[in-house]
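Take a look at the structure below.
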Amino acid sequence: MNTRNFDFSFDEHLIPAEPGQSIAAALIATGRRSWRRTRVGGEPRGVFCGIGICFDCLVTVNGEPNRRACMVEARPHDEVVTQEGAGHDDLSC
């Protein structure tokens, strides 16, 4: 089992993480409270429920939009970026 800390990138900044830590937990540990803006109104969003129900913490991970940061385990070398609204898929609605 890997017990060494590692980094992943978030909007091109290196974020330290611990094995088993969610992306949201790692972002909060660095002082970030929001990492998504709503499609209508541009309101900041981050972790609200922390258990994957509310979808406020959506991010794009390695090119895949609409990932819940509170549910996705951070991995070494992940590329995480903020997203607008509910991601690319909601633009076709």
Side-chain angles (χ1 to χ4, degrees):
M1 178 176 197
N2 181 8
T3 59
R4 302 188 84 167
N5 293 354
F6 57 88
D7 294 326
F8 67 91
S9 72
F10 173 69
D11 289 344
E12 300 183 6
H13 299 288
L14 289 180
I15 303 296
E18 299 175 11
Q21 191 173 36
S22 70
I23 290 171
L27 292 172
I28 288 170
T30 64
R32 288 168 174 81
R33 298 292 181 250
S34 65
W35 46 83
R36 179 178 79 85
R37 296 211 170 261
T38 59
R39 188 173 82 177
V40 177
E43 297 296 323
R45 295 291 186 259
V47 170
F48 181 71
C49 73
I51 58 173
I53 295 173
C54 73
F55 292 84
D56 270 357
C57 64
L58 294 177
V59 291
T60 298
V61 181
N62 300 323
E64 185 180 340
N66 303 321
R67 301 300 309 270
R68 292 171 284 181
C70 69
M71 301 297 294
V72 177
E73 187 174 319
R75 296 177 306 180
H77 312 296
D78 274 347
E79 292 184 19
V80 181
V81 296
T82 59
Q83 69 178 50
E84 297 291 324
H88 303 292
D89 294 338
D90 73 342
L91 298 178
S92 61
C93 299

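Below, each value reflects all heavy atoms present in this structure, side chains not excepted, and no hydrogens, waters or symmetry copies.
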Point to revise | Sequence-distant partners of Asp7, side chain to side chain donor-acceptor pair (under 3.5 Å), two or more places apart | key: none

Review point. Which heavy-atom pair separates Pro19 from Asn5 by the least distance, and what is that distance?
Key: CD-OD1, 3.8 Å

Revision key, fill the gap. Nearest heavy-atom approach of Trp35 to Leu58 is CD1-O, 3.9 Å

Study note, to complete from the structure: Smallest heavy-atom separation, Cys70 atom then Ser22 atom, equals O-CB, 3.7 Å

Point to revise | Side chain to side chain, Cys57 and Phe48, heavy atoms closer than 4.5 Å | key: no

Practice item. Using atom types as modelled and distance alone, determine if a side-chain donor or acceptor of Asp56 lies under 3.5 Å from a backbone N or O of Gly46. Key: no

Practice item. Run through Gln83, Arg36, Glu79, Arg67 and flag the one making a side-chain contact (heavy atoms from CB on, under 4.5 Å) with Thr60. Key: Gln83

Review point. Between Val61 and Phe10, is any pair of side-chain heavy atoms under 4.5 Å apart?
Key: no

Practice item. For residues Phe6 and Ala74, report the shortest heavy-atom separation together with the two atoms involved. Key: CZ-O, 3.3 Å

Check your understanding: Any side-chain heavy atom of Thr30 within less than 4.5 Å of one from Pro16?
Key -> yes

Revision key, fill the gap. Contacts of Asp78 meeting salt bridge (Lys or Arg N to Asp or Glu O under 4.0 Å) (sequence neighbours excluded), chain-then-number -> Arg75

Review point. What heavy-atom pair brings Val81 and Asp11 nearest, and what distance separates the two atoms?
Key: CA-OD1, 3.2 Å

Check your understanding: Does Ser9 have any side chain to side chain donor-acceptor pair (under 3.5 Å) partners at least two apart in sequence or in another chain, and if so, which?
Key -> none

Check your understanding: Is a donor on one side and an acceptor on the other found under 3.5 Å between the side chain of Arg32 and the backbone of Leu27?
Key -> no

Check your understanding: With a 4.5 Å limit on heavy-atom distance, are the side chains of Ser34 and Arg45 in contact?
Key -> no

